[in-house]
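Report on the structure given below.
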Amino acid sequence: MSRKATLILVLLGLVALLVACRGDPTTVMTRLEESRRVVATLRLDFQQMADASNRAVMANSEEASAAAARESQAATSAVEKDAAKLAELLQGLNYANETSVLSEFKARLSEYKALDTRIVTLAVENTNLKAQALAFGPASEAAAAFAASLSATRSRVPSKALDRAELLSAQALLAVREIQVLHAPHIAERDEATMARMEKQMVDLDVKARSALTALTTLAPAEAQTSLAEGLVALDRCKAASAQIIELSRRNTNVLALDLSLRQKPALVGACNRPLVALQAALALEGPKSSR
């Protein structure tokens with residue numbers, strides 16, 4: 001056999017070996033382009049996943065937070081499908097380095113998903129948002145009813161006792177208004193000791209309002225007793241609303257979700273994005289001119 005024929009056979013053998021190891025060149029390029037497309041989609045879906053949970057945290061209504069939570073779940077499913085598809089493509093290309101980088105992303109994604117699930121779960125509970133709705137709704141309405149009953153009572157008090165009645169009425173109403181003022185900072189507060197102090201203030205103020213109302217009862221004539229009874233009912237409603245507000249506020253799900261989003265989430269988002277950026281860059285270098 002001539003030297004030329006021998007060289008041709010050797011070259012053909014090398015080409016066959018290359019095709020066997022790496023696949024048909026056309027198929028390889030198709031898979032490579034698909035891998036580049038999938039990793040780009042993966043980065044986009046991961047960003048949508050992170051953005052959706054942010055929207056759940058920042059939502060100002062239960063409907064909005066629930067909608068954002070559903071978007072987060074959909075984006076999470078898309079990310080998982082993208083990662084599985086990319087792993088299959090990289091395995092078919094026999095790209096060990098890129099496969100290793102993808103494995104790093106999956107590990108970081110697992111950590112991120114655990115945190116993100118906790119954030120979204122807390123956000124959709126909306127206990128602080130519900131407490132705020134109670135403060136501006138039922139609690140405010142009960143306080144207004146209490147004020148109206150005091151006004152009706154004062155109008156029936158004899159003139160000789162009017163000054164004393166007005167003082168007691170003002171004390172009772174001021175105590176209720178101060179309870180209302182404490183609702184907002186309690187809802188926003190995270191420190192348990194601080195919340196406990198506010199709660200003690202609310203209890204003391206409720207006692208003060210009831211004491212003033214009891215004293216007012218001794219001054220009011222029989223025709224004012226109905227309005228006084230209505231005032232007591234309204235005061236009980238104020239107390240019940242405050243108890244609900246405190247219970248919801250204590251759970252602090254919106255505050256905790258926001259805290260996790262601001263303090264812990266950014267680092268994990270970065271930890272997930274870094275291998276994706278590296279993977280995209282590595283795939284961009286692959287192809288006919290690759291050193292592989």
Side-chain angles (χ1 to χ4, degrees), residues 53-54 56-66 115 118-151 153-154 166-217 228-265:
S53 68
N54 286 339
V57 171
M58 301 306 295
N60 58 6
S61 71
E62 291 188 61
E63 294 78 10
S65 61
L115 177 66
R118 186 182 176 199
I119 289 173
V120 173
T121 300
L122 287 169
V124 296
E125 284 190 55
N126 279 311
T127 58
N128 297 84
L129 195 61
K130 290 173 181 176
Q132 187 179 61
L134 280 172
F136 286 101
S140 180
E141 292 165 5
F146 184 64
S149 71
L150 291 175
S151 178
T153 300
R154 288 196 309 273
E166 288 182 344
L167 176 60
L168 291 170
S169 178
Q171 289 174 344
L173 184 57
L174 179 61
V176 168
R177 295 305 188 194
E178 287 181 356
I179 291 173
Q180 285 185 276
V181 169
L182 287 169
H183 287 158
H186 190 287
I187 292 169
E189 184 58 57
R190 182 177 179 182
D191 181 69
E192 291 190 4
T194 302
M195 285 192 285
R197 286 195 294 273
M198 293 181 190
E199 290 160 18
K200 176 64 166 56
Q201 287 178 270
M202 290 185 208
V203 170
D204 292 343
L205 288 166
D206 179 72
V207 170
K208 184 181 292 187
R210 291 176 186 278
S211 177
L213 192 62
T214 299
L216 187 58
T217 302
L228 279 170
E230 291 172 350
L232 183 58
V233 170
L235 190 56
D236 287 341
R237 285 169 53 200
C238 289
K239 185 176 181 179
S242 287
Q244 288 181 281
I245 290 168
I246 289 170
E247 181 183 359
L248 290 167
S249 175
R250 276 279 184 174
R251 288 166 62 188
N252 252 342
T253 60
N254 294 94
V255 172
L256 292 173
L258 180 60
D259 184 71
L260 289 172
S261 292
L262 294 177
R263 294 179 184 273
Q264 295 186 30
K265 181 175 175 177

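By convention here, the first residue in the shown sequence is residue 1.
- What you find for Glu62 and Leu129 is that their closest heavy atoms are N-CD2, 4.1 Å.
- Judged as a salt bridge (Lys or Arg N to Asp or Glu O under 4.0 Å), the pairs with a partner in residues 177-192 (not counting sequence neighbours) are, in order, Arg190-Asp259.
- Nearest heavy-atom pair across Ala257 and Leu122 is CB-CB, 3.9 Å.
- For the pair Val176 and Leu205, the minimum side-chain heavy-atom distance is 4.5 Å or more.
- You'll find the side chain of Lys265 reaches within 4.5 Å of the side chain of Asn54, heavy atoms only.
- For the atom pair Leu173 CG and Gln171 CD, the distance stands at 11.5 Å (nearest 0.5 Å).
- Here His186 contributes atom NE2 and Ser242 contributes atom OG; the two are 10.0 Å apart, rounded to the nearest 0.5 Å.
- Between Asn252 and Met195, the shortest heavy-atom contact is ND2-CE, 4.0 Å.
- Residues Leu235 and Asp206 are in side-chain contact: their nearest non-hydrogen atoms beyond the backbone lie under 4.5 Å apart.
- Rounded to the nearest 0.5 Å, atoms CD1 (Ile187) and CZ (Arg250) are 13.5 Å apart.
- Interatomic distance, CG of Leu248 versus NZ of Lys130, reported as 7.0 Å (0.5 Å rounding).
- Considering OG of Ser61 and CG of Asn126, their distance stands at 8.0 Å, rounded to 0.5 Å.
- Here the closest non-hydrogen pair linking Ala56 and Ser65 is O-CB, 3.6 Å.
- Counting only heavy atoms from C-beta outward, the side chains of Leu258 and Met58 approach each other to under 4.5 Å.
- Residues Ala139 and Cys238 approach most closely at O-SG, 4.4 Å, considering heavy atoms.
- Salt-bridge formation is not detected for the pair Asp204/Lys208: no Lys NZ or Arg NE/NH1/NH2 atom is positioned less than 4.0 Å from an Asp or Glu carboxylate oxygen.
- The two atoms that bring Met202 and Ile179 nearest to each other are O-CD1, 3.8 Å, heavy atoms only.
- For Ser140, the side-chain contact (heavy atoms from CB on, under 4.5 Å) partners two or more places apart in sequence, or in a different chain, are Gln180.
- In this structure, Asn128 contributes its side chain and Ala188 its backbone to no donor-acceptor pair below 3.5 Å.
- A donor-acceptor contact closer than 3.5 angstrom is absent between the side chains of Arg118 and Thr121.
- Taking the side-chain contact (heavy atoms from CB on, under 4.5 Å) definition, one finds that Ser169 meets it with Leu150, Arg154, sequence neighbours left out.
- Inter-residue side-chain proximity for Pro138 and Arg237 is flagged as unmet; no heavy-atom pair is nearer than 4.5 Å.
- Within a 6.0 Å sphere centred on CD of Glu166, other residues, nucleotides and ligands contribute more than 12 heavy atoms.
- To the nearest 0.5 angstrom, Ile246 atom CD1 is 9.0 Å from Leu182 atom CG.
- Counting non-hydrogen atoms of neighbouring residues, nucleotides and ligands closer than 6.0 angstrom, the CE atom of Met198 exceeds 12 such neighbours.
- Of the possible donor and acceptor atoms, one in the side chain of Thr153 sits under 3.5 Å from a partner among the backbone N and O of Ser149.
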